[in-house]
Amino acid sequence: MNANTARQALRSVARASGASTERTLLARAPAAQRAMSTLLANRSSCSKHAAAAVPAASAAKQQLRGYRMLKFADTEEKVYERSDWPVERLQQYFKDDTFCVLGYGSQGYAQSLNMRDQGMNVIVGVRKDGASWKEAQEDGFVPGETLFPVEEAIERGTIIMNLLSDAAQASTWPTISKLIKPGKTLYFSHGFSVVFKEDTNIVPPKDVDVILCAPKGSGRTVRSLFKEGKGINSSVAVFQDVTGKALEKAVATGIAVGSGYIYETTFEKEVYSDLYGERGCLMGGIQGMFKAQYDVLRANGHSPSEAFNETCEEALMSLFPLVGEHGMDYMYKACSTTARRGALDWAPEFEKACKPVFERLYASVKDGSETRRALEFGNRPTYRQDYDKETDAIADQEMWRVGHTVRALRPDRQSR
Ligand SMILES: NC(=O)C1=CN([C@@H]2O[C@H](COP(=O)(O)OP(=O)(O)OC[C@H]3O[C@@H](n4cnc5c(N)ncnc54)[C@H](OP(=O)(O)O)[C@@H]3O)[C@@H](O)[C@H]2O)C=CC1
Ligand SMILES: CC(=O)[C@](C)(O)C(=O)O
Ligand SMILES: [Mg+2]
Ligand SMILES: [Mg+2]
């Protein structure tokens with residue numbers, strides 16, 4: 001089957017099954033899974049051709065070592081790439097393993113489906129009365145075959161992927177820890193649970209490998225990038241290596257869950273940077289900055305359309321994608337000389353204003369305050385409703401209500 005035939009097979013399975021979304025389709029149809037495996041196999045062999053320019057001897061050495069040393073600005077770092085792990089190699093490597101994915105939130109959903117599409121043995125473990133049970137079932141996990149209550153799933157799995165919420169990882173640990181028997185591997189996508197052990201009480205059994213692969217993006221994009229034939233960037237780390245194979249297993253699992261390239265870290269560095277980044281530029285910081293800019297425009301008599309376009313829409317649809325594709329300097333050069341002058345002058349002002357906030361934030365991550373807050377909040381019986389209340393309040397802000405209208409006016413979404 002070549003890549004085109006595979007694509008056609010995917011489409012015809014979609015038509016035949018009447019599936020409304022590819023998510024449902026891929027989950028339900030074994031033929032589609034085979035087609036996806038073929039697509040991926042073809043993609044890997046294409047990237048091998050692309051790598052043919054590398055001298056044969058050094059390519060062979062890289063393949064043997066399984067990583068490449070690359071300069072990131074002036075610092076050399078190891079990178080692991082998907083092209084070293086074609087889907088056949090993954091299938092061979094994990095032929096005797098059963099991935100037990102605990103939790104079916106954003107990451108559980110993405111990682112389990114990406115692995116299943118590549119032919120891995122995947123089962124899901126979630127509580128029976130929760131929303132996740134239903135969602136996993138809708139995606140084709142079958143109770144008693146590939147979907148189990150948490151404890152039973154652990155007993156059946158060899159690689160135990162703890163993708164419950166961080167708070168639930170702590171509250172369920174007393175029950176599940178004794179099920180993590182020798183020979184199994186314990187996997188996380190966050191350093192949180194083991195690094196902040198004073199707060200979580202999670203101390204893994206001494207006789208199992210403990211590894212991490214942390215996708216650097218939302219589970220939604222872990223899934224969508226994989227389906228587009230791209231991959232999320234991820235980090236890997238080893239907390240405990242009893243087999244001598246822990247790092248290799250972490251990398252292979254990282255590729256299996258949908259990573260494109262992987263860098264190395266430690267559990268500690270992962271959790272510090274992750275908690276810091278999401279509270280800063282990735283989520284909290286950008287939300288605060290958008291809001292401040294919008295509010296000042298509105299206070300000075302600008303219309304909602306103007307305030308939203310000059311703050312969010314232009315950033316997200318025009319300028320930030322240029323930064324993402326080609327870097328900050330490119331975005332500057334793509335804007336007027338007038339814009340360049342002002343932005344170059346004001347950037348240091350913003351840096352100066354933000355730096356102390358970032359320093360305070362990093363300290364609050366490192367001393368465990370952020371962890372304790374997440375645990376306290378996440379363990380409330382009403383955590384879902386409580387979060388919804390706060391995110392609904394954001395949706396209710398004028399700025400984001402305006403955003404709703406502006407997005408609907410994008411030409412590809414206009415209704416008439
Ligand atoms: N979200 C993301 O994109 C990223 C997350 N991570 C990490 O991945 C891990 C999983 O995060 P994420 O996918 O966001 O999941 P969530 O934090 O959204 O947690 C969802 C899962 O936890 C389960 N859960 C919650 N409370 C309990 C409980 N008391 N007992 C049993 N199960 C419970 C839910 O089941 P139910 O439906 O039954 O309530 C659900 O399956 C975390 O370590 C996170 O830090 C890493 C990178 C990115
Ligand atoms: C998506 C991600 O990587 C985050 C923001 O760190 C998270 O959801 O925890
Ligand atoms: Mg993150
Ligand atoms: Mg995070």
Side-chain angles (χ1 to χ4, degrees), residues 100-114 124-139 141 147-154 160-176 186-196 200 202 211-226 232-237 253-254 257-259 262 265 267 269-287 361 365 370-371 373-388 391:
C100 157
V101 178
L102 301 180
Y104 205 72
S106 173
Q107 287 298 324
Y109 141 77
Q111 297 191 26
S112 60
L113 292 185
N114 288 354
V124 169
V126 287
R127 51 184 171 184
K128 223 171 166 179
D129 50 349
S132 296
W133 181 275
K134 221 171 125 253
E135 283 161 19
Q137 239 183 315
E138 279 165 15
D139 288 342
F141 289 98
L147 176 61
F148 301 94
V150 170
E151 293 173 32
E152 194 179 342
I154 298 175
I160 313 304
M161 305 175 74
N162 201 333
L163 299 178
L164 297 174
S165 71
D166 293 308
Q169 290 180 22
S171 63
T172 57
W173 185 248
T175 346
I176 71 173
L186 182 57
Y187 164 104
F188 295 94
S189 282
H190 206 7
F192 192 99
S193 284
V194 298
V195 171
F196 291 106
T200 62
I202 295 184
I211 59 176
L212 166 152
C213 170
K216 294 293 122 188
S218 159
R220 299 292 143 196
T221 45
V222 171
R223 181 64 178 151
S224 61
L225 286 170
F226 173 81
I232 197 86
N233 299 340
S234 301
S235 60
V236 287
T253 307
V257 303
S259 308
I262 295 176
T265 187
F267 272 60
K269 288 262 162 40
E270 193 284 331
V271 67
Y272 291 172
S273 58
D274 190 83
L275 293 175
Y276 174 75
E278 68 203 14
R279 280 155 181 71
C281 284
L282 302 179
M283 295 169 67
I286 204 68
Q287 190 209 325
L361 168 58
V365 165
E370 298 303 312
T371 295
R373 170 111 172 104
L375 287 172
E376 184 277 314
F377 206 93
N379 275 324
R380 290 182 191 177
T382 54
Y383 83 95
R384 271 183 201 261
Q385 299 89 299
D386 293 351
Y387 272 126
D388 284 349
T391 45

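Every number for a ligand or one of its atoms is a count from 1 in the order of the listing. None of these values were measured; they are calculated from a predicted model.
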(request) Using distance alone, determine whether Asn162 and ligand 1 share an N or O pair under 3.5 Å. (result)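 The answer is no, given that Asn162 and ligand 1 share no N or O pair closer than 3.5 Å.
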(message) Does ligand 1 come near enough to Pro215 that some N or O of the ligand is less than 3.5 Å from an N or O of the residue?
(response) no
Is the closest heavy-atom distance from [X] to ligand 1 below 4.0 Å?
| X | answer |
| --- | --- |
| Ala167 | no |
| Tyr109 | no |
| Gln169 | yes |
| Ala214 | no |

(message) Can you tell me which N/O/S atom of Glu278 has the shortest distance to the Mg ion (ligand 4)?
(response) OE1
(message) Checking one value in my table: which N/O/S atom of Asp274 lies closest to the Mg ion (ligand 4)?
(response) OD2
Nearest-0.5 Å distance, [atom1] of residue [X] to [atom2] of residue [Y]:
| X | Y | atom1 | atom2 | value |
| --- | --- | --- | --- | --- |
| Phe192 | Thr200 | CZ | OG1 | 7.5 Å |
| Tyr383 | Asp388 | OH | CG | 10.0 Å |
| Leu102 | Ser112 | CG | OG | 11.0 Å |
| Ile232 | Ile262 | CD1 | CD1 | 11.5 Å |

Give a table of atom pairs where an N or O of ligand 2 lies under 3.5 Å from a protein N or O.
from	atom 1	to	atom 2	distance (Å)
ligand 2	6 (O)	Asp274	OD1	3.1
ligand 2	6 (O)	Asp274	OD2	3.0
ligand 2	6 (O)	Glu278	OE1	2.5
ligand 2	9 (O)	Glu278	OE1	3.0

(message) Any heavy-atom pair between the side chains of Thr172 and Val150 that's under 4.5 Å?
(response) no
(message) Residue-level breakdown please: for His190 versus ligand 1, do any non-hydrogen atoms fall below 4.0 Å on the side chain, on the backbone, on both, or on neither?
(response)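 The answer is the side chain.
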(message) Under 4.0 Å, heavy-atom basis, I'd like to know which part of Arg384 is in contact with ligand 1: side chain, backbone, both or neither.
(response) side chain
(request) Please confirm whether the backbone N or O of Asn162 pairs with a side-chain atom of Gln169, one donor and one acceptor, at under 3.5 Å? (result)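 Flag set: sc Gln169 to bb Asn162 pair under 3.5 Å.
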(request) Measure from the side-chain N and O atoms of Thr265 to the backbone N and O of Val236, and report whether any donor-acceptor pair falls under 3.5 Å. (result) no
